[in-house]
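Remember, predicted model here, so these are calculated numbers, not experimental data. Just so it is clear: chains get the letters A, B, ... in the order the sequence lines come, proteins before strands, and each one is counted from 1.
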Amino acid sequence: MTSMLALPTTLAFRPFLDPLPIDGYWMLLLIPMVIAISVVYKTIKTDRLHKIPREASILAAQIVAFMALAAAALWILTELV
Amino acid sequence: MTAKTDSPKWHFAGAIAGWLIPGLGHLLLGQKGRAAILFASIGMLWLGGFFVGGVGVFDRKGHPIWFMGQMLIAPSVMVEVYHRTLKSPAGQPPRPDDPTGTYQPSYGHVHEQGVLYTSLAGMLNLLAMMDVLYRDPADPRHRKRTPRQPQPTRDDNNTDTGVSPEITPNADNSSEGIA
């Protein structure tokens with residue numbers, strides 16, 4: 001009986017103890033990662049803070065574009081060649 | 001400026017502060033805006049990885065190379081120590097199908113993303129720490145702005161010298177060497 005009462009609480013998601021069930025969407029996590037890399041890099045490299053949003057956006061777009069190009073090239077290499 | 005103020009400065013205390021909390025080193029050097037952005041971006045990345053993968057992503061023995069990246073943020077070390085306390089006395093994680101386990105180990109893509117996020121946050125924090133550690137006063141990024149001085153009006157300059165003043169777009173960029 002005690003174990004049955006405890007079951008709903010133990011099965012509940014415990015933040016930072018249990019992993020998120022997002023195995024199907026893991027590729028979407030690329031976007032926040034790229035944004036964070038761009039923002040941190042440009043925060044350190046840029047002399048004026050008001051330039052950061054524009055420069056970080058450009059860098060993030062470049063990273064995503066080149067990753068997509070690399071993925072397409074690898075797909076062509078593995079599937080078609 | 002004298003040669004003394006032009007010489008690069010090393011800020012070991014600031015770098016250590018940046019290791020403890022991302023952005024704290026920049027805050028100690030008076031760069032509040034940079035500190036806030038670094039704290040938010042690195043902190044969110046680290047916290048995001050921790051949230052996605054759970055406490056199991058901090059595993060010094062399981063993936064020591066990745067942990068070298070994670071430990072570039074001090075809280076990772078504390079979480080790893082806490083993770084060890086959650087394991088069995090034999091050092092084994094709880095079984096994934098055990099609902100009464102102290103925590104749920106992560107596997108697959110979720111584990112990879114959690115480890116990647118937290119390690120990347122640590123490596124980005126290393127960049128921030130290096131930026132604090134070595135300061136070259138000649139570098140415009142490392143200068144502290146002084147309060148804006150009242151600009152002379154166009155009429156004043158014309159009457160005094162007869163020469164039209166140069167109006168630069170970055171007239172408020174007056175800066176002073178830091179530290």
With a 6.0 Å cut-off (strictly less than), is the heavy-atom count around NZ of K45(A), excluding the residue itself, greater than 12? no
Would you mind telling me which of I52(A), D23(A), L30(A) has the largest number of heavy-atom pairs within less than 4.5 Å of chain B? D23(A)
Does OH belonging to Y103(B) count more than 12 external heavy atoms closer than 6.0 Å? yes
Any idea which of V40(A), I35(A), T46(A) has the most non-hydrogen atom pairs under 4.5 angstrom with chain B? V40(A)
To check you understand the geometry: which heavy-atom pair defines the closest contact between L124(B) and A36(A), and what is its length? CD1-O, 4.2 Å
To the nearest 0.5 Å, what is the distance between CG on L120(B) and CE on M33(A)? 6.0 Å
Among the listed options Q113(B), H26(B), R34(B), the residue most often paired with chain A at heavy-atom distances under 4.5 Å: R34(B)
Taking all heavy atoms of R14(A) and all of Q104(B), pick out the closest pair and write down the distance. NH2-N, 3.9 Å
Does V57(B) belong to the same Ile/Leu/Val/Met/Phe/Trp/Tyr cluster as V81(B), with side-chain heavy atoms less than 4.5 Å apart forming each link? no
Any idea which heavy atoms bring P19(A) and P105(B) closest together, and the distance? CG-O, 3.9 Å
Linked, directly or transitively: L59(A) and V34(A) (ILVMFWY side chains, under 4.5 Å): yes
F16(A) atom CZ, neighbour heavy-atom count above 12 within 6.0 Å: yes
Step through the shown structure and confirm whether more than 12 heavy atoms of other residues, nucleotides or ligands are within 6.0 Å of CE on M123(B). yes
Is Y25(A) reachable from Y107(B) through a run of I, L, V, M, F, W or Y residues, each pair having side-chain heavy atoms under 4.5 Å apart? no
Let me know if L45(B) has heavy atoms under 4.5 Å from chain A in its side chain, its backbone, both or neither. side chain
Inspect the surroundings of CZ in R84(B) and state if more than 12 heavy atoms from other residues, nucleotides or ligands are less than 6.0 Å away. yes
L17(A) CG to F51(B) CZ distance, which is reported to the nearest 0.5 Å: 11.5 Å
Could you grab the distance from atom CG of L127(B) to atom CD1 of I44(A), nearest 0.5 Å is fine? 5.0 Å
Any chance you could measure L29(A), atom CG, to H109(B), atom NE2, to the nearest 0.5 Å? 11.0 Å
